[in-house]
Engineer: 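Take this structure first; my questions come after.
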Amino acid sequence: DLIDNPSFKQMDMRDLLLNYPKNKFDCIYSFGNTIVHLNSIVDIYHWFKLAYSLLKNKSVLLIQILNYDFITKNQIKELPLIENERVQFKRFYEYSDQEKLISFVTHLTIKKSNQVLKNTIQLYPLKKMEIKKGLIKAGFKDMEFFSNYKGDPIKEDCFPLIIKALKKN
């Protein structure tokens, strides 16, 4: 029924249990580099626990973020350009020695009007070992890490990081 009649809710991802009962979902997806917008490892680990409690037994959590082990080790300053006939999207990282967080700076150009929308937000550069530790603490088993949606093994020098974690009681 959800496939034919999906429903959408706009909410803070940390408030999922306020809107859904435990053991509700067969799969939870977090795509688009979303969880790194939680500004502390405590918040991220808490979200892993929320996701675990919302999943049915033998269900899957799928996460897509960027490979921050690669990005921070190499102090990557700019991500690949995203562009089509309507927009150009530039993305940059700025690092600070004082903070664990990194600044994510974006410039979105609307080509028709030549308007440039700029934004800066702080991200937590979540590393693979932190993810593994947090998922284990939340109760997940059988974690797998991939470098793309095809399921290729994680590579040290790639931008994408896909995580699959299984809830098994």
Side-chain angles (χ1 to χ4, degrees), residues 1-72 79 82 89 91 93-96 98-106 108 117-154 158-169:
D1 186 43
L2 274 179
I3 292 173
D4 295 328
N5 297 309
S7 66
F8 300 91
K9 291 185 184 184
Q10 181 178 343
M11 71 181 91
D12 186 315
M13 66 193 290
R14 295 169 291 190
D15 294 336
L16 288 170
L17 277 176
L18 300 176
N19 293 281
Y20 299 103
K22 291 182 176 183
N23 304 308
K24 167 123 178 113
F25 298 107
D26 296 313
C27 186
I28 293 177
Y29 301 88
S30 176
F31 287 5
N33 208 38
T34 306
I35 60 173
V36 298
H37 287 266
L38 298 171
N39 288 147
S40 74
I41 195 68
V42 172
D43 278 350
I44 292 167
Y45 284 3
H46 178 71
W47 188 82
F48 288 162
K49 288 179 186 178
L50 283 175
Y52 185 87
S53 69
L54 288 166
L55 285 168
K56 296 175 185 174
N57 189 34
K58 298 182 182 171
S59 296
V60 176
L61 173 65
L62 296 170
I63 299 170
Q64 177 273 318
I65 64 172
L66 294 178
N67 181 356
Y68 287 100
D69 288 289
F70 170 65
I71 289 168
T72 57
L79 294 175
I82 297 174
F89 191 41
R91 302 164 296 159
Y93 287 122
E94 295 174 355
Y95 301 88
S96 168
Q98 287 80 23
E99 294 185 31
K100 175 72 174 156
L101 303 177
I102 57 177
S103 295
F104 181 52
V105 179
T106 59
L108 177 67
L117 306 171
K118 296 181 179 182
N119 188 50
T120 302
I121 191 163
Q122 300 296 302
L123 300 180
Y124 185 91
L126 189 60
K127 310 270 189 347
K128 181 182 171 191
M129 289 311 298
E130 292 173 311
I131 296 166
K132 190 172 184 176
K133 180 180 175 184
L135 290 171
I136 289 168
K137 285 175 82 169
F140 286 97
K141 311 278 191 237
D142 300 330
M143 285 157 273
E144 296 179 82
F145 295 82
F146 306 103
S147 64
N148 56 36
Y149 294 113
K150 294 182 211 172
D152 292 336
I154 186 67
C158 68
F159 281 109
L161 177 59
I162 314 295
I163 302 107
K164 177 182 173 186
L166 181 64
K167 176 180 179 177
K168 269 196 316 197
N169 291 346

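Quantities reported herein were computed from a predicted structural model and do not represent experimental measurements.
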Engineer: Just wondering, are more than 12 heavy atoms of other shown residues or ligands nearer than 6.0 Å to NZ in K100?
Structural biologist: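 Yes, the 6.0 Å shell around NZ holds more than 12 heavy atoms from other groups.
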Engineer: Work out which heavy atom in N67 is nearest to a heavy atom in P160; give both atom names and the distance.
Structural biologist: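 Nearest pair, atom of N67 first, then P160: CB-O, 4.0 Å.
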Engineer: List the atom of P125, the atom of L101, and the distance in Å for their closest heavy-atom pair.
Structural biologist: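 Shortest heavy-atom separation between P125 and L101 comes out as CD-CA, 4.2 Å.
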Engineer: Should K150 and D152 count as an ion pair when the cut-off is N to O under 4.0 Å?
Structural biologist: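 No.
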Engineer: Check I82, L117, N119 against L108 for a side-chain contact (heavy atoms from CB on, under 4.5 Å) and give me the one that passes.
Structural biologist: L117
Engineer: Does atom NZ of K127 have more than 12 heavy-atom neighbours, drawn from other residues, nucleotides or ligands, at distances under 6.0 Å?
Structural biologist: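 Yes, NZ of K127 has more than 12 neighbouring heavy atoms, counting only those of other groups under 6.0 Å.
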Engineer: Rounded to the nearest 0.5 Å, what's the gap from CE on M143 to CG on L166? Could you check?
Structural biologist: 10.0 Å
Engineer: Rounded to the nearest 0.5 Å, what separates atom CG in L161 from atom CZ in F70?
Structural biologist: 12.5 Å
Engineer: Is there a side chain to side chain donor-acceptor pair (under 3.5 Å) between N23 and K167 once you walk through the steps?
Structural biologist: CA-CA 11 Å; N23 304 308; K167 176 180 179 177; 3.2 Å; yes
Engineer: L62 versus F31: any side-chain heavy-atom pair under 4.5 Å?
Structural biologist: yes
Engineer: Would you compute the distance between atom CG of D43 and atom OH of Y124 and round it to the nearest 0.5 angstrom?
Structural biologist: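 D43 atom CG to Y124 atom OH measures 11.0 Å (nearest 0.5 Å).
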Engineer: Distance to the ring centre below 6.0 angstrom and angle to the axis at most 45 degrees; does that hold for K128 and F145?
Structural biologist: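 Verdict for F145: a cation-pi partner in K128.
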Engineer: Check the pair F89, T106 against side chain to side chain contact (heavy atoms under 4.5 Å, CB included), reporting the backbone distance first and the verdict last.
Structural biologist: CA-CA 7 Å; F89 191 41; T106 59; 3.6 Å; yes
Engineer: Between CD1 of I163 and CD of E144, what distance do you get to the nearest 0.5 Å?
Structural biologist: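 These two atoms lie 11.5 Å from each other.
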Engineer: Run the numbers on Y20 and L50 for side chain to side chain contact (heavy atoms under 4.5 Å, CB included), then give the verdict.
Structural biologist: CA-CA 10 Å; Y20 299 103; L50 283 175; over 6 Å; no
Engineer: Side chain to side chain contact (heavy atoms under 4.5 Å, CB included) between I41 and L126: does it pass, once the steps are laid out?
Structural biologist: CA-CA 8 Å; I41 195 68; L126 189 60; 3.6 Å; yes
Engineer: Classify the ring geometry between Y93 and Y68 as parallel (under 30°), tilted (30 to 60°) or perpendicular (over 60°).
Structural biologist: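 Rings of Y93 and Y68: perpendicular, over 60°.
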Engineer: If you measure from SG on C27 to CG on L61, what distance do you get to the nearest 0.5 Å?
Structural biologist: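 These two atoms lie 7.5 Å from each other.
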Engineer: For Q64 and G32, work out which heavy atoms get closest and say how close.
Structural biologist: OE1-N, 2.6 Å
Engineer: Flag the pair V105 / K118 as yes when at least one side-chain heavy-atom distance between them is below 4.5 Å, and no otherwise.
Structural biologist: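 Not touching, per the 4.5 Å side-chain cut-off.
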Engineer: Shortest non-hydrogen contact from Y52 to K168?
Structural biologist: OH-O, 4.2 Å
Engineer: Please find the pair of heavy atoms, one from V36 and one from N39, that lie closest to each other, and give the distance.
Structural biologist: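 Shortest heavy-atom separation between V36 and N39 comes out as O-ND2, 4.5 Å.
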Engineer: Mind listing the closest non-hydrogen atom pair of S30 and W47 along with its distance?
Structural biologist: CB-CH2, 3.8 Å
Engineer: Looking at CD1 of I65 and NE2 of H37, how far apart are the two atoms once the value is rounded to the nearest 0.5 Å?
Structural biologist: 11.0 Å
Engineer: Between the side chain of N148 and the main-chain N/O of G151, is any donor-acceptor distance below 3.5 Å?
Structural biologist: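 Between the backbone of G151 and the side chain of N148 there is a qualifying donor-acceptor contact (under 3.5 Å).
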Engineer: Stepwise, does the side chain to side chain contact (heavy atoms under 4.5 Å, CB included) test hold for I71 with Y95?
Structural biologist: CA-CA 11 Å; I71 289 168; Y95 301 88; 3.3 Å; yes
Engineer: Salt-bridge test for D26 and K56: reply yes if a basic N is under 4.0 Å from a carboxylate O, no otherwise.
Structural biologist: yes
